[in-house]
Amino acid sequence: MKNGTLWTDTDGKGIQAHGGCILEHEGTYYWYGENKDTETQNRRVDFVGFSCYSSRDLIRWENHGLVLSSVREEGHDLSPASVGERPTVLYNAKTGKFVMWFHQDSADYTRARVGLAVSDSPAGPFLYQGSQRPGNHDSRDMAAFIDENGKAYLFCSSDWNATMRIWELDGTYTCLTGNGKEILIDQAREAPAVFFQDGKYFMVSSGCTGWKPNTMLFAAADSMFGSWRLIDDPCTGPNARTTFGAQSAAVFQAKGQWYLLLDHWNPDNLRESGYSILPVICRDGSLTIP
Ligand code: GAL
């Protein structure tokens with residue numbers, strides 16, 4: 001698994017889990033992401049669906065196929081002509097359900113909604129529940145996050161990506177309560193990935209340059225609806241200013257260490273886009289990605 005390349009699964013096939021997330025459940029890691037295994041035309045692929053892979057060691061990944069598939073019906077949210085990106089799956093310990101939130105959009109990115117799908121098991125299938133604009137605001141790149149106290153939130157790039165909005169979810173993680181907050185106003189951040197460590201909330205994010213790599217920055221806050229401040233680029237070493245040619249997807253923890261999953265987009269052949277997993281070092285309220 002060389003960082004920056006397209007990794008293969010246990011069948012030797014390229015892993016199709018772009019813009020993904022990794023969830024640990026009962027000792028197994030589940031990797032969900034965009035299946036882009038179709039022709040790229042004008043830097044886009046038709047919506048195929050979201051895949052799921054599982055692994056015990058983060059190296060050997062077994063393919064569970066599409067857990068939410070495109071629907072061959074004109075005008076359907078999941079039609080091939082639509083966009084489905086950045087699925088994040090949350091496990092709800094109270095309901096026992098796996099809740100997937102994702103960026104649902106039209107090919108021209110003007111629909112700008114969040115989509116929801118729910119499953120009884122980590123490897124799917126997920127049942128589609130519909131889409132919405134949180135608080136009537138547009139929402140594009142997004143992430144979902146569970147706090148220490150079990151409350152969950154969505155982080156959505158909003159106002160044409162100028163401002164981020166946090167939205168609180170209810171106890172089932174399937175409904176928005178309506179409580180929210182604008183953060184990083186006019187800072188134009190996308191590709192958010194959120195985690196909590198030593199009493200602080202952290203978010204890494206990218207700038208808004210489409211498939212082209214730019215500078216990652218991290219932000220921190222003392223409370224969820226507190227004041228989020230952009231702090232610095234956590235990346236160090238060669239190509240740090242372009243996030244090593246990649247873009248953030250999700251942060252996850254394995255054996256007490258934080259890791260960042262990244263995408264190395266190949267805009268002319270999106271299914272060939274590679275991945276990296278890098279350690280995230282969190283010390284004295286600051287982040288470093290060596
Ligand atoms: C990026 C975004 C990706 C995808 C892409 C399309 O900025 O992070 O998820 O939407 O734009 O150009």
Side-chain angles (χ1 to χ4, degrees), residues 6 15-22 31-51 68 70 77-78 80-89 100-115 131 133 138-145 154-165 184 186-194 203-219 230 233 235 241-251 260-276:
L6 179 68
I15 293 180
Q16 290 299 320
H18 310 281
C21 73
I22 291 177
W31 180 359
Y32 306 90
E34 304 156 18
N35 184 312
K36 294 191 170 306
D37 199 5
T38 184
E39 290 308 303
T40 300
Q41 275 168 345
N42 297 324
R43 312 186 127 222
R44 107 170 269 283
V45 291
D46 277 357
F47 180 60
V48 174
F50 298 130
S51 325
L68 186 71
S70 69
D77 277 358
L78 305 180
S82 75
V83 165
E85 293 178 338
R86 298 187 180 273
T88 316
V89 177
M100 175 192 280
W101 288 94
F102 63 95
H103 173 193
Q104 194 283 317
D105 220 321
S106 46
D108 61 2
Y109 288 92
T110 56
R111 204 168 144 77
R113 295 162 82 92
V114 291
S131 67
R133 281 192 156 195
D138 61 338
S139 172
R140 293 185 178 80
D141 279 8
M142 55 144 289
F145 164 77
L154 300 183
F155 284 70
C156 304
S157 297
S158 199
D159 299 353
W160 285 101
N161 299 335
T163 292
M164 196 151 312
R165 287 199 167 80
L184 307 184
D186 289 331
Q187 298 298 311
R189 305 306 297 171
E190 58 178 15
V194 184
M203 182 208 311
V204 297
S205 64
S206 74
C208 301
T209 55
W211 304 121
K212 203 166 155 259
N214 54 53
T215 307
M216 184 193 303
L217 291 175
F218 76 93
L230 273 179
D233 179 356
C235 303
R241 293 296 97 96
T242 50
T243 315
F244 317 113
Q247 187 184 29
S248 41
V251 175
L260 177 64
L261 172 69
L262 301 110
D263 294 294
H264 294 255
W265 299 114
N266 180 343
D268 300 318
N269 192 1
L270 285 160
R271 68 173 139 205
E272 293 288 323
S273 302
Y275 309 103
S276 285

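Atoms within a ligand are numbered from 1 in the order they appear, just like the ligands themselves.
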* Can we say Arg111 and Asp77 salt-bridge, meaning some charged N sits less than 4.0 Å from an Asp/Glu carboxylate O? -> yes

* Is the His18 ring parallel, tilted or perpendicular to the Trp265 ring (thresholds 30°, 60°)? -> tilted

* Taking 4.0 angstrom as the limit, do Asp138 and Arg133 come out as a salt bridge? -> no

* Give the contacting part of Gln247 toward ligand 1: side chain, backbone, both or neither, where contact means a heavy-atom distance below 4.0 Å. => side chain

* Sub-3.5 Å N/O-N/O distance, Thr209 and ligand 1 -> no

* **Protein residue, atom and distance nearest to atom 9 (O) of ligand 1, heavy-atom basis** => Arg86 NE, 3.0 Å

* Heteroatom proximity flag, Glu85 to ligand 1, N/O under 3.5 Å -> yes

* Asked: Charged N to carboxylate O under 4.0 angstrom, Arg113 versus Asp105?
  -> no

* Within-cut-off N or O pair, Glu190 and ligand 1, under 3.5 Å -> yes

* Could you pull out, from Ala249, Gly210, Cys208, the option with a heavy atom nearest to atom 1 (C) of ligand 1? => Gly210

* Is there a donor-acceptor pair closer than 3.5 Å between any side-chain N or O of Thr163 and the backbone N or O of Asp186? -> yes

* Asked: Quick one: do the Asp263 and Ser273 side chains pair a donor with an acceptor below 3.5 Å?
  -> no

* To do: Give the residue and atom name of whichever protein heavy atom lies nearest to atom 8 (O) of ligand 1, and the separation in Å to one decimal.
  => Asp141 OD2, 2.5 Å

* Structure fact -> At under 4.0 Å between heavy atoms, what of Tyr109 touches ligand 1? The answer is side chain

